[in-house]
Amino acid sequence: MAGLTTVSGPGGSDRSTAGGGSIVRSFVRLRWRLLRGAIHHGGAEQVGAVLSLVASGVVGVAGAAGAFVMARSDEADSLVVLACTGLVLAVVGFGTVAGVSQPIDPRVVAAEPLSPRQRAVGLLAGTAFGPAGLAGITIGAALALGAFQSAAGMPIVLAAVVAWLLSLLLVARTATNLLSLLIARRARLGQLVAGFGGLAFYGLFQLVPAVLADADVADRAALADAARWSPPGQVGLAIVDADRTLVALGHLALGAIWLVPLYAAFATTTEILTGTVRGPGGGGARPPSAFGRLIRTACGTGVVGAIAWRSLLTRVRTPRTALETVTGAGVGLGAVLAPVLLRDDPGSGAVLVGGAVQLAVLFIAGNSFGNDGPAITNEMLGGATARQLVEAKVRSIVIVAAPLAIIGPLVAASITGEWRYLAAGFGVGIGGLLAGSGAAVVQSALVPIAVPESDNPFASGESGKGILAAGLLFVVLLGLAIATVPVGLALFWAVDRGRTGFVSAFAAASVVIGWAVQRGGVSLATRRIAGRDPEFVASVTPAR
């Protein structure tokens, strides 16, 4: 970073003599230069940068309007406390969903002549004055303006809003640091936390607004009474009680005191992260567990079995694919539960589970080749044929998603009590699993999107294929519908008339159709890859 004067410290170490203002300006300029560079780069990076700007603008304007109206409402005493607490929790969940990358990676500036304090302040400034940070500042300003009641109370309101914004910033960055360190040092545990954290955030995002919409004034007051015991809740109380100076100052002190340990945690984790590299898992090879040996046996032997096993290991050890797997499973189970809970038809869960499994499989494995391009390249260089690669991928997809075909019907039957349709549910689930694996491997072979190795579960390579991939997904779904809807309609007919025998027969037919779709998908994907080795390797090789 240009413009920082350095001196030699004790022991010969170099440290910048730049003041805090200079450090802040340097990091803010770096943040916006990186954003401009992404826009000028084109492709997926450009789309991501533009979407970030647009989303931040929309969130800033809409959030500011909502904050102003909330602070002026008759329920401001409750709503401000709930908002201050809820948004602090939301940024932790959103950070989990959005990945563990930072606007400026601490490891990138590790070699700069900066003290730990300068590095921490600079990184915080780069975040605070980036697009998302400015959106937060806009919301905070609107909240302060809406909460204005008297000139005497305005300084307390401004101080409380600043404390709240600092809480948002430090909580988000510290949580990001901790998750990044966890993934770097305990990859499997970190991926599990990221995956289930993302699902929990998604579920709460759907549930909390619905609950608050149904809550009355007394319910919201009770929630606010519980939230006020948290530091953000105390900050919210300082805002609404700003005219009672001594009381508001007490709330502000209690709400702001946690900023000290939060900053210390952020600075400490930042320094640890600057020297952290993602290790190989450490400790050498460990003997596989009984479950691992069972899965290895299911992968089979020979070249296909070895590649399938390697694909499974990559899937559970790489943040992005692990998160896709967990989230895809959640989407599939959610698609099973929706018809079970919302439809009155007996056996509807057993009939619709096939579509749910197909959806989950496409979500999990729609980019199977692009997600582990370097390993695929090495296997091709080692002599693996296109047919072997495709068969191995299909086998690994089936093994990963197979629990959905078992758990889905069991969940549907246990909720509805229609155990007589359980066998049919298994048949439909297996049919959906087979058809979905064939469709997923076709999608992956036609438009592979190279994804770099990264601590960020949502990292993406520069591909410029987003619209093409979306169009292909629509075609794949259309093809699946054409192949599977007839038997699905037949199943509904049999269920509607209570013909258990016909239901079982049609479920068996869905297995046959699913197998045929899978075999067709394998043939199509093989023809796509065979004879195009250089082109295929280039398409799955991430940009450096």
Side-chain angles (χ1 to χ4, degrees), residues 44 183-184 187-188 191 277-288 292-293 295-325 364-400 437 440-465 469 521-544:
I183 287 177
R188 292 183 181 179
Q191 292 155 16
V277 296
R278 193 172 172 192
R286 293 177 295 178
R293 291 194 296 270
I295 298 300
R296 180 64 183 91
T297 301
C299 288
T301 58
V303 175
V304 172
I307 297 176
W309 175 242
R310 194 274 310 153
S311 297
L312 288 172
L313 293 178
T314 302
R315 176 162 292 280
V316 299
R317 292 175 179 172
T318 303
R320 181 188 179 98
T321 51
L323 185 57
E324 284 177 349
T325 302
I364 290 170
N367 190 35
S368 293
F369 293 115
N371 277 333
D372 57 358
I376 289 288
T377 300
N378 289 333
E379 286 155 358
M380 293 184 73
L381 293 175
T385 66
R387 183 81 181 192
Q388 289 170 332
L389 289 174
V390 173
E391 290 282 7
K393 279 297 179 184
V394 167
R395 193 173 297 178
S396 67
I397 294 169
V398 168
I399 292 172
V400 166
S437 63
V441 80
V442 168
Q443 181 182 348
S444 181
L446 290 178
V447 188
I449 298 176
V451 177
E453 294 182 4
S454 170
D455 288 339
N456 180 3
F458 283 81
S460 60
E462 198 290 304
S463 63
K465 298 179 180 177
V522 168
S523 297
L524 181 59
T526 300
R527 288 198 299 271
R528 170 67 179 176
I529 297 173
R532 296 183 175 91
D533 288 7
E535 176 187 344
F536 184 71
V537 167
S539 67
V540 298
T541 301
R544 299 298 181 186

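Count residues from 1 along the sequence. Quick note: numbers below take in every heavy atom, side chains included, and nothing from hydrogens, waters or symmetry partners.
Residue pairs meeting the salt bridge (charged side-chain N to carboxylate O under 4.0 Å, His left out) criterion with at least one partner in residues 298-307, sequence neighbours excluded, do not occur; the list is empty.
Note that CD1 of I399 and CG of L312 are 5.5 Å apart. Values are rounded to the nearest 0.5 Å. Interatomic distance, CZ of F369 versus CG of L389, reported as 6.0 Å (0.5 Å rounding).
Judged by distance alone, with hydrogens and angles left aside, the side-chain atoms of S444 form no donor-acceptor pair with the main-chain N or O of A440 at under 3.5 Å.
Taking the side-chain hydrogen bond (donor to acceptor under 3.5 Å, both in side chains) definition, one finds that T377 meets it with nothing, sequence neighbours left out. Remark: R310 engages T314, D372, E379 in a side-chain hydrogen bond (donor to acceptor under 3.5 Å, both in side chains) (not counting sequence neighbours). Listed by chain and number, the residues in a side chain to side chain contact (heavy atoms under 4.5 Å, CB included) with A525 are V390, V441, A445 (sequence neighbours excluded). Partners of E391 according to the salt bridge (charged side-chain N to carboxylate O under 4.0 Å, His left out) rule, which considers only residues two or more places apart in sequence or in another chain, are R387, R519. When the side-chain hydrogen bond (donor to acceptor under 3.5 Å, both in side chains) test is applied to S311, the partners found at least two apart in sequence or on another chain are K393.
Among all heavy-atom pairs drawn from R296 and A306, the shortest one is NH2-CA, 4.1 Å. Heavy-atom minimum distance, A386 versus T526: CB-O, 4.1 Å. When all heavy atoms are compared, the tightest approach of W309 to I295 is CZ3-CG2, 3.8 Å.
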